[in-house]
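Just so it is clear, the structure is predicted and the values come from calculations on it, not from any experiment.
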Amino acid sequence: MTIFFNSLTLSFFLFFIITFIGAQCSDSYASCSTREIFEVSDPAIYYASANGLSGTELKTVLNSIIRGHKKYSYDCVWTALAETDADALNPEHVISIYTRNSIARLDRDCGSANNYSPDAWNREHIWPKSHGFPSQGQDAYTDIHHIVPADKSTNTDRSDNDFKSGGVPDDECLGCYEGEFNGGSTWEPPDLVKGQVARMLFYMITRYDGSDFDESDTPELTLVDDSTTYPNPSLGVLSDLLQWHCDFPVSDRERLRNDVVESWQGNRNPFIDYPEFVESIWDYSCGGNPSMPSQPTSNPPTVDPTHKAPISTPTGAFPTVPTYINNPTPGSCSVWINEFHYDNTGSDVDEFVEVGCNGIVDVTGYKLFFYNGNGGGYYKKSELSGICSIDHFIVVPMSAAASIQNGPDGIALVNTNENIVLEFISYEGSFIATNGPAVGMKSVSIGVSETSSTPEGYSLQLVGSGCGSSDFIW
C-alpha cells in the first residue's frame, strides 16, 4: 500500500506529533554557569560548636553554623534538583516528592516549550515562597534544602496550604489528603515523606531566624500551631510536624540528599544529621522512639476516626532477610505483600494491593493470585510490571468489576518467571489452596481484617521496625 502526503496533510501530521506526543525542555532552559562544588562535611566536626547545648541556645548556634550558604539563581535550581532528587534507577529522571513518580529530567514545567504539560515537574517550595519570601532575590527563595521536584498538578493541589494530618483523599496523589483547620486549608503528604517534610521546615525556621536579614533579605520564619495565610512568614501545623518527625525517622535517601545539597550550597540540614536536635530545641519527646532509628519504620495510623489513613503509600519498612514460603534465596532482594484494602462501609472503594521490596527488583511477570477460602481455588489474578525499589513500591489497583472478595480468602504473590510462591497470606481465617501455583499450601492468616464498618481510606498494612520479616506484624 502506498501512502501519499500533500503539504497540508504533512503539516497537520507534524502538528499532531508535536502537540500530542509532547515536547521536552532543552538544558539551556536550566543553565547554571555558577555551580560551585563544596566538600561534604563530617557532621561530628561540622556541629562541634553545638555540643552540649539545648533549647534556644542550640537553635541559635545551629543558625550560625548553617547561615551564609552559596546562593544560586532560580534557573540553577532546576539543575540542582536533577542531582539531589535523581531517580536511582534512571539518573535521567527525577522522583517527585508527593506522588513518587519518576519523571524525565527534561519534562520540566517550562511553559509553551513542552505545551504546558500537566504531567511535567516543577520546583515545589516546601515552605511556600508566598509566606515570607516572594522575591527571587531573597535567599530562602532558592534554598535547595526545601525545594524539591513535584508533579505540576499535585503541586497546584498542595498550593500554599499548611501541613496537617486529615482530610479527604487528593485526586492526583495517592496517600495525600486535603483538609481544613481553623479556617485554613491543609495538606497531608504520604507517610514516606512526612518526616522529610517536617525536617525541611525545621531547617527553614532555624536557618531563617531574622538575625541575618541584611544579608539574606529573608524575615524570621516561624512554625505555629494554627492556620496561616500569606504574606505572613509563618506556616503550620507545628504539633503535627513534630509528630511526623518522630513517627517517620530519617532515611538513607534523606542523608544522601543532604550531602548532595551541601555539595551545591555549602551547608547542611542539622535535623537530618542529628534528629535528636528537634526534641532538644522544642522540648518534645518522641516517646517510644527516642533513639530515632537510622532507617524509616512503618507506623500504624493514629487512632482517630476522622483521619483517613493513606491507602497506597509504602510504610517505609525495609526487611532484608525475608523468610517467606518457598523463597529459596533468603538474604537476596525480596518482594512481599506490604498493604491491601478490600472492605469498607457502604460500597467498597479504592481496593488495592501494594507490593513492597527491599532492593531494586524488576517485578515484570510477577503475579498476584486471589484465592477463595470456600473451596480453595483462585478466582482471579493480576500481573505486576515495572521496577520496585525502596522509594517506589508497586500498587495494583482493583476495579469495581474485579474487586477483592471478603474472607476467609487469600492472596498469593508469585514469581512466575521462576515458578516460586513468595508468599501466601489470608484474612479472616486460613485454608488450603486447591489449584493454581499455591496448590496444596496452607495460607498464613495475618490475624487482622476489615469489615463493612471499616472507614473509607483505611487499609491493612505491615507495621513495626527491624531487619527481618519476623520483626513486622500486620
Side-chain angles (χ1 to χ4, degrees), residues 21-32 35 37 40 75-110 113-115 117-124 144 147-155 172-176 189-193 196 251-261 263-264 295-296 312-314 316 318 320 332-336 338 354-366 383-397 415 417:
I21 299 302
Q24 293 183 318
C25 306
S26 68
D27 274 325
S28 62
Y29 185 82
S31 61
C32 187
R35 168 72 195 273
I37 299 178
V40 175
D75 282 348
C76 276
V77 173
W78 287 117
T79 304
L81 298 188
E83 292 185 23
T84 61
D85 296 270
D87 185 344
L89 303 178
N90 187 347
E92 287 301 306
H93 285 60
V94 297
I95 298 294
S96 58
I97 183 69
Y98 302 125
T99 64
R100 311 309 293 169
N101 287 336
S102 179
I103 306 174
R105 176 177 61 85
L106 294 179
D107 283 342
R108 305 184 189 98
D109 179 16
C110 51
N114 67 348
N115 305 312
S117 171
D119 298 320
W121 66 275
N122 58 17
R123 297 159 292 187
E124 156 75 322
I144 307 165
I147 305 176
V148 288
D151 291 77
K152 179 181 177 180
S153 54
T154 303
N155 197 355
E172 294 281 347
C173 172
L174 288 171
C176 297
D191 284 359
L192 190 64
V193 298
Q196 179 181 5
S251 68
D252 288 339
R253 186 177 180 89
E254 270 185 272
R255 293 189 182 91
L256 176 60
R257 190 180 198 278
N258 202 18
D259 289 346
V260 178
V261 173
S263 77
W264 269 82
Q295 288 186 328
S312 59
T313 304
F318 305 151
T320 55
S332 63
C333 289
S334 300
V335 183
W336 65 91
N338 192 66
E354 181 187 73
V355 173
C357 56
N358 69 338
I360 299 173
V361 183
D362 185 351
V363 296
T364 301
Y366 285 48
E383 186 163 348
L384 281 63
S385 63
I387 303 296
C388 182
S389 71
I390 61 176
D391 287 324
H392 182 70
F393 287 10
I394 303 298
V395 176
V396 183
N415 178 352
N417 299 319

Value rounded to 0.5 Å, distance of [atom1] in [X] from [atom2] in [Y]:
{"X": "Tyr98", "Y": "Leu192", "atom1": "OH", "atom2": "CG", "result": "13.0 Å"}
{"X": "Leu256", "Y": "Ser251", "atom1": "CG", "atom2": "OG", "result": "9.5 Å"}
{"X": "Ile97", "Y": "Glu124", "atom1": "CD1", "atom2": "CD", "result": "8.0 Å"}
{"X": "Asn155", "Y": "Cys173", "atom1": "CG", "atom2": "SG", "result": "11.5 Å"}

Inset, instruction - Evaluate the side chain to side chain contact (heavy atoms under 4.5 Å, CB included) criterion for residues Leu384 and Val355: first the C-alpha distance (whole Å), next the side-chain angles of each, then the deciding distance (0.1 Å), finally the verdict. - result: CA-CA 9 Å; Leu384 281 63; Val355 173; 3.7 Å; yes

Flag side-chain contact, heavy atom, 4.5 Å: [X] against [Y]:
{"X": "Arg100", "Y": "Val193", "answer": "yes"}
{"X": "Val361", "Y": "Tyr366", "answer": "yes"}
{"X": "Asp85", "Y": "Arg257", "answer": "yes"}
{"X": "Asn358", "Y": "Trp336", "answer": "yes"}
{"X": "Thr84", "Y": "Ile144", "answer": "yes"}
{"X": "Arg108", "Y": "Trp121", "answer": "yes"}
{"X": "Leu81", "Y": "Arg123", "answer": "yes"}

Inset, instruction - Mind checking side-chain hydrogen bond (donor to acceptor under 3.5 Å, both in side chains) for Thr154 and listing every partner two or more places apart, or none if nothing turns up? - result: none

Could you tell me which non-hydrogen atom of [X] sits nearest to which non-hydrogen atom of [Y], and how far apart they are?
{"X": "Ala86", "Y": "Pro91", "result": "CB-O, 4.3 Å"}
{"X": "Asn338", "Y": "Gly356", "result": "CB-N, 3.9 Å"}
{"X": "Gly365", "Y": "Glu383", "result": "CA-OE2, 3.9 Å"}
{"X": "Leu174", "Y": "Pro190", "result": "O-CG, 3.9 Å"}

Where the side chain of [X] meets the backbone of [Y], is there a donor-acceptor pair that is under 3.5 Å apart?
{"X": "Asp87", "Y": "Arg105", "answer": "no"}
{"X": "Thr364", "Y": "Gly386", "answer": "yes"}
{"X": "Trp264", "Y": "Arg35", "answer": "no"}

Legend entry - Results of salt bridge (charged side-chain N to carboxylate O under 4.0 Å, His left out) for Asp362 - residues two or more places apart only: none

Inset, instruction - Would you tell me whether Asp151 and Ser96 have side-chain atoms, one donor and one acceptor, within less than 3.5 Å of each other? - result: yes

Legend entry - side-chain hydrogen bond (donor to acceptor under 3.5 Å, both in side chains), paired with Arg255, selected from Asn258, Asp252, Asp259: Asp252

